[in-house]
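In the text below, chain A, chain B and the rest are named by the order of the sequence lines, each starting its count at 1. Everything numeric here is computed off the predicted structure, so don't read it as measured data.
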Protein chains: 2
Amino acid sequence: MFINIAWFSVWMRILVDMDGVIADFEKGFLDSYRKSYPDKPFVPLEQRTSFHVKEQYPDELQPLVEGIYLAKGFYLGLPPIEGSLKALSELAARGDEVYICTSPLLRNAFCIQEKYEWIIKHLGKDWTKRMIVLKDKTIVHGDLLIDDRPDVIGVQQPTWKHILYSQPYNAQVNSKRRMTWQNWKSVIDS
Amino acid sequence: MFINIAWFSVWMRILVDMDGVIADFEKGFLDSYRKSYPDKPFVPLEQRTSFHVKEQYPDELQPLVEGIYLAKGFYLGLPPIEGSLKALSELAARGDEVYICTSPLLRNAFCIQEKYEWIIKHLGKDWTKRMIVLKDKTIVHGDLLIDDRPDVIGVQQPTWKHILYSQPYNAQVNSKRRMTWQNWKSVIDS
């Protein structure tokens, strides 16, 4: 029992969301959208204000927007968010128990498989053992959840504390804990 | 607080493993193996004694055995275990919170995607929201885990109680709680 207490004080179990935290959904979407529809209007990254990109586009463009992120290859092709891969390796190296905790877009039939392929491509095969794929993150035991979604709710009160990963689309949200991979050390350890 | 206590006493969160509990890995394997290699020796279902089927085959046949369950289409083609689909629907209908909690075979590149397709095929699309895919089931909050694996261990003491789903290959295991979909009501409610 004493050992357990000492052990918990040293490291944390950190659940890390995937899209918008380590995989750059917004950049991947916008690059692909502009390439596919160079003559259509678009919302620049820094002007994104809604959590779901589709909501910020007019009705007539929404089918095109959806077509981008429902396409085969979209999830696998997402660029990593700057600093994320290095930070994950550092967290693991210093002894924190890190899991990639991601909620799949079930309407995209390739999403889940490509999320695993993305992890292999950018972090290596061993990290696939750290994947947790589910809709409701509140039922996972953890100390921290790093997520760009302002409201991570579910069937129960979570054991983890939510750290909001800062993105333009959540800038207006009032949150006590925020971070990016540029300042994670001070936020996670506080 | 009072409401919470009353609420927990009424229903349970039940995590249900997939292979060997709702999807018949053993029958799917044996049917496919015998069809592919009709002249090779095989282990009948009722004589299976090891948790992993491969271990019960001689060294020279193990590559053939692996080839069966690493093949595209294997997981999607598994037959449901008798009574499982009806029981899941009954559990959900009576108000229990049911999740399919499955650990993927990462060496099979089609496994995870096909597990989702299997759920859609046999239980319907809504049940994919109930999927939890991860390697370590101990980090999921739950009341019960129904699993055919005798030793479900991981990084922490689980909150769930393990009910062993009876199969020929775990018959020799000494377990306090055992069930099949033929007697689940008396076991789960006790």
Side-chain angles (χ1 to χ4, degrees), chain A residues 1 3-4 7-8 11-15 18 72 75-76 95-121 123-143 145 154-160, chain B residues 1 3-4 7-8 11-15 18 72 75-76 95-121 123-143 145 154-160:
Chain A
M1 193 52 159
I3 293 164
N4 267 338
W7 181 69
F8 270 103
W11 59 268
M12 288 182 289
R13 182 179 300 154
I14 304 176
L15 313 175
M18 203 163 169
K72 184 167 166 55
Y75 278 95
L76 180 55
D96 284 308
E97 201 184 273
V98 183
Y99 291 91
I100 315 293
C101 190
T102 183
S103 178
L105 182 66
L106 293 171
R107 291 178 55 215
N108 178 326
F110 317 101
C111 172
I112 298 159
Q113 195 63 46
E114 291 186 15
K115 278 176 178 282
Y116 277 80
E117 288 170 28
W118 192 96
I119 294 293
I120 293 171
K121 179 177 167 182
L123 286 161
K125 205 165 184 179
D126 255 15
W127 277 85
T128 58
K129 296 178 195 161
R130 304 250 141 221
M131 285 283 275
I132 303 174
V133 181
L134 82 175
K135 272 289 178 199
D136 186 335
K137 298 178 186 180
T138 66
I139 67 176
V140 182
H141 290 276
D143 299 300
L145 170 73
V155 291
Q156 71 165 72
Q157 192 67 28
T159 57
W160 37 256
Chain B
M1 193 53 157
I3 293 165
N4 268 338
W7 181 69
F8 270 102
W11 59 267
M12 288 182 289
R13 182 178 301 153
I14 304 175
L15 313 175
M18 201 163 171
K72 184 167 165 56
Y75 278 95
L76 179 55
D96 284 308
E97 200 183 274
V98 183
Y99 291 91
I100 314 293
C101 190
T102 183
S103 179
L105 181 66
L106 294 169
R107 289 179 56 215
N108 179 327
F110 317 102
C111 171
I112 298 160
Q113 195 63 46
E114 291 186 17
K115 278 175 178 282
Y116 277 80
E117 288 170 28
W118 192 96
I119 293 294
I120 293 170
K121 179 177 168 184
L123 286 160
K125 204 164 184 178
D126 255 15
W127 276 86
T128 57
K129 297 177 194 160
R130 303 250 143 222
M131 284 284 275
I132 304 173
V133 180
L134 82 175
K135 271 290 178 200
D136 186 336
K137 298 178 186 179
T138 65
I139 68 176
V140 181
H141 289 275
D143 299 299
L145 169 72
V155 291
Q156 71 167 72
Q157 192 67 28
T159 57
W160 37 256

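The two residues B:Thr138 and A:His141 have their closest heavy-atom pair at O-CD2, 3.9 Å.
Around atom NZ of B:Lys129, no more than 12 heavy atoms belonging to other residues, nucleotides or ligands sit under 6.0 Å away.
Contacts with chain A (heavy atom to heavy atom, under 4.5 Å) involve these residues of residues 112-120 of chain B, listed by number: B:Ile112, B:Gln113, B:Tyr116.
Checked options B:Leu134, B:Ile132, B:Ile139; the residue passing with A:Val140 is B:Ile139 (criterion: side chain to side chain contact (heavy atoms under 4.5 Å, CB included)).
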Could you go through the side-chain contact (heavy atoms from CB on, under 4.5 Å) check for B:Leu106 and A:Met131 one step at a time?
-> CA-CA 11 Å; B:Leu106 294 169; A:Met131 285 283 275; over 6 Å; no
